[in-house]
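Each remark here refers to the structure printed beneath this line.
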Amino acid sequence: MEKYKVVVIGGGPAGLAAALESFKSLDDKKVLIIERDKFLGGILNQCIHPGFGLHYFKEELTGPEYAHRFVEQVVENRIEYLTETHVIDITPEKEIVAVNKKGLKRIKADSIVLAMGCRERTRGAIITPGTRPAGIFTAGQAQRFINIEGYRIGKKAVIVGSGDIGLIMARRLTLEGIEVKAVVEIMPYSTGLRRNIVQCLDDFGIPLLLSHKLVKIHGKYRVEGVTIAKVDSQLQEIPSTERFIECDTVLFSVGLIPENELSKKAGVVLDMRTGGPVVDNTFSTSQKGIFACGNVLHVHDLVDNVTLEAQTAGRYAAIYSQHPELFENNIHINIMAKEGIRYVVPQKLNKNFVQPFVLRFRVDNFYKDAIVTISNAGKILIEIKKSILTPGEMESIEISQKILSQLDFSNDIVIRLQNI
Amino acid sequence: MSRIYDVAVIGAGVVGMSILRELTRYRLKVCSLEKMEDVAEGASKANSGIVHAGYDPIEGTKKARFNVEGNNIFADICNELDVEYKMIGSLVVAFDDYEINVLEELLQRGKRNGVKGLEIKSQEWVFENEPNLSRNIKAALFAPYSGITNPYKLTVALFENAIQNGADVIFSFEVCKIEKDGDYFVVHSADSRFVKTKVLINCAGVHADEISKMAGARLFKIYPRRGQYYILDKPQKMPVARVIFQVPTEKGKGILVTPTVDGNVLVGPNSEYIDSKDDTATTQEGLDEVFEKARKVLPSLSKRDVITIFSGIRATPDTHDFIIEEDEDVKNFINVAGIESPGLTASLAIGKYIAELVSDKLNAKRNLNFNPYRKDIKRFSELSDEEREEMIKLHPSFGNIVCRCELVSEYEIVEAIKRGAKTLDSIKRRIRAGMGRCQGGFCLPRVMDILSRELKIDKTQITKFGKNSYILTEKRWED
């Protein structure tokens, strides 16, 4: 059986950053990346629009450009990687079974970084009634067909979901000569960035229908149209507001789900709210020596944050592979998401590694002029005023050494919104 | 290809394919005429996949007879055809005294129909054996010989075995006119092809009444009755071990919750008469009804686990029983119509019955070369690691995983195409690529690459299920 210090599952932005960081921290540089696609870079390869890297590189890159900077370093450092290789099993003992055209491989890792990314929610997952004709795509499928393969996917489209991916695809379809009839959003607000609403919809005159729901898909062979309706504050359809829109294409951009099938096989405990593993501030999962980062951990809106998080995970994975004893007798305190906070990552603080870290979280609703507090043992340690908070935008707060020094380790850390 | 046959079967659903396969046991030239591009495109792809024990149909009916006979031979035929069949048993659960009385009626009727092993089980037994079911259940009828199968894979297997044994299946053949020419029927398709045949068998499902009329045979009516379903993701632990029915009403067997042979959870169907025979839409009302009723039995059911929804259309005849008979006026024209539930279970027995009837009629000899065995495509997901290694050595493409949710390899897709799959749905039904939790989000473009390569067609010509169901509209640039 082949042996590695660190094996990274997934060669997207999280996997690449984690592998590079592990590699830097290791004496014995046995790092392996396993990627199921033909190329490293993951879904970034099909995201040819700009807007990546503004935080991390302080410049605006396209997805492939952003990925390339990391791929280049992987190649320069001669980090080992396998492409078109599919991991089919991971055991709690950190044995990996992977297959490719050459055969079935068994690999032993001292530590593993899970970086498998996420998948898209589908028309079926959100239970959209109607027929099942051709012409129904997820945004990612459409992106691949258009940006990588060079095909047009229809003539007239309706997009469901106004997160950044939906907005960007509205512009992309328009540029390809596909008429976007509307972007339909069930919530009263878009979860996309303001700049994307302006640059992707307003600039092209594409209507954004807030508080609207797609209630039925029509068409026998190819989509022939959709029925939409207004919804009330409970997201229930308002009677007699139904409207038919003729189109041959429907794009669903209705959220992402961390791809944790392998994590489950490895016995990793998952967080119901993020859909990803429960981790501590070292990005260690409930299985010792198995770490997680990127969209498999929780779904990010900016790749820059994925990179930062993955670097930390990669660093600790390297530490574990050399000094597993440091992770013996781990004692954790919980970091609890309370009022107004949908989830927080990491969910635990490891008392063996009381070092500064970043808390990333999402709120559960749209809030104006709210205060985010972090408290411990009834004492507020951090208080931050926010003029706008939306569920679509991931927030972060740094937990500094100074804050850590004030912690009472027999009590939970609690993050909540106040005065809401 | 000669277009003169001894027997032609209209409709390539599970009943039509079962008849076709059984006919190849005789030295007859047989074909099937199918309007779509694949088998199982109608009710056979969209039903509950249950092999019923036979306590539901009224004694003396064709439904009762073919249900019980079908159940008796199901395991053997699935074994011959390498199709999964699991005899997991079923429960009809009762919530009150009235319903307990119905269970008693079903038990007695089942006994009269010749169903073995039926028993009414106590509340305690139910909770011990099905701990996730509602605590409001008072008793249940247990039928140990009920089972589950995959209805479209069975249809595909029957098709492949019929082809192996010399039958023809002519696709995209939409019957539009039937004439008599001496001893032969001349069956015309919408695109001006025709087939001549001595015996014509009508297995046109929901359209069987139209075909019967076209042939100048008996007039009857098929009412389309739609049922809507949910498919849930493969759970780590199945919430139910058996097929769980509710007490039937005049509308049918009601909403069930069951494991599928592929490891998903299936919930449905409701029952609604609809105007159009092809209206396979799901509706909010229908889906809500199904979910609420299913929750009554299995309170832990969650919409979070839903991966897709679909509907199927039952061909309900105005005669209230299967119509399986040679026409009184039109000799050699045989209606096999109104095959609603328990049609899947009955299909294999109907096939045997019709083949015997026809072979007697035509004085056909036994086909001594008939081979009842058919092997399914080797499935990556079902092999051990050692077997996988062996297969990859033989076929490197077995190591290229295309569908990540269902672990389907490139080899399997190529095999499905070699065996006749031409569309995305036909590949999906044969080997499950695109049937998992991401519903093809990842593998659809990759499956299209392989279809395009193997069939040597441009990707713009690839369809979901034939006709106008194209995926891509235009090539914008060359690589």
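Note on naming: letters A, B, ... go to the chains in the order of the sequence lines (proteins, then strands), and numbering restarts at 1 for each one. Computed from a predicted structure; not experimentally measured.
- Of the two parts of B/Phe398, neither the backbone nor the side chain holds a non-hydrogen atom closer than 4.5 Å to a non-hydrogen atom of chain A.
- Of the charged side-chain nitrogens involved, none lies within less than 4.0 Å of a carboxylate oxygen, so that B/Glu285 and A/Lys216 do not count as a salt-bridged pair.
- In terms of heavy-atom pairs under 4.5 angstrom with chain A, the leader among B/Ser311, B/Gly466, B/Gly440 is B/Gly440.
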For this session: Go through the steps for B/Lys467 and A/Lys220 under the test side-chain contact (heavy atoms from CB on, under 4.5 Å), then give the verdict.
Result: CA-CA 10 Å; B/Lys467 294 193 175 161; A/Lys220 184 163 169 54; over 6 Å; no

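- Heavy-atom pairs under 4.5 Å with chain A peak, among B/Ser397, B/Ser409, B/Gly286, B/Gly399, at B/Gly399.
- The heavy-atom pair separating B/Tyr470 from A/Ala134 by the smallest distance is O-CB, 3.4 Å.
- If you run side-chain contact (heavy atoms from CB on, under 4.5 Å) between B/Val306 and each of A/Ile127, A/Ile126, A/Thr122, only A/Ile127 comes through.
- Between B/Phe310 and A/Arg132 there is a side-chain heavy-atom pair separated by less than 4.5 Å.
- Without hydrogens or angle criteria, A/Lys102 side chain to B/Pro396 main chain gives no donor-acceptor distance under 3.5 Å.
- Neither the backbone nor the side chain of B/Tyr411 comes within contact range of chain A; no heavy atoms are under 4.5 Å apart.
- Residues A/Glu237 and B/Gln284 form no side-chain contact, since every pair of their non-hydrogen atoms from C-beta on lies 4.5 Å or further apart.
- Annotation for A/Leu104 and B/Ile392: closest pair N-CD1, 4.3 Å, computed over non-hydrogen atoms.
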For this session: Could you give me the CA-CA distance, side-chain angles and deciding distance for A/Met116 and B/Arg404, then say whether side-chain contact (heavy atoms from CB on, under 4.5 Å) is met?
Result: CA-CA 11 Å; A/Met116 293 88 72; B/Arg404 49 169 84 155; over 6 Å; no

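- Nearest heavy atom pair, residue B/Cys438 against residue A/Arg119, reads CB-CD, 3.7 Å.
- A donor-acceptor contact shorter than 3.5 Å links the side chain of B/Thr282 to the backbone of A/Gly130.
- A donor-acceptor pair is defined here as one N or O able to donate and one able to accept, closer than 3.5 Å; no such pair exists between the side chain of B/Thr308 and the backbone of A/Gly124.
- Residue A/Glu149 comes nearest to B/Lys459 through the heavy atom pair OE1-NZ, 2.7 Å, listed as atom of the first residue, atom of the second, then distance.
- Under the 4.5 Å side-chain criterion, counting only non-hydrogen atoms from C-beta, B/Leu444 is not in contact with A/Arg144.
- Here the shortest heavy-atom pairing between A/Asp37 and B/Arg446 reads OD2-NH2, 2.8 Å.
- In terms of non-hydrogen atom pairs under 4.5 Å with chain A, the most contact-rich of B/Asp425, B/Asp449, B/Asp385, B/Leu287 is B/Asp385.
- For the pair A/Lys101/B/Glu410, a side-chain contact is recorded, criterion being any heavy-atom separation below 4.5 Å from C-beta on.
- Salt bridge status for B/Arg437 with A/Glu261: present, with a side-chain N to carboxylate O gap under 4.0 Å.
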For this session: Let me see the working for B/Thr463 and A/Tyr221 under side-chain contact (heavy atoms from CB on, under 4.5 Å), right down to the final yes or no.
Result: CA-CA 9 Å; B/Thr463 63; A/Tyr221 295 99; over 6 Å; no

Exercise. A/Tyr151 and B/Ile471: side-chain contact (heavy atoms from CB on, under 4.5 Å), yes or no, with the steps?
Worked result: CA-CA 10 Å; A/Tyr151 284 94; B/Ile471 309 294; over 6 Å; no

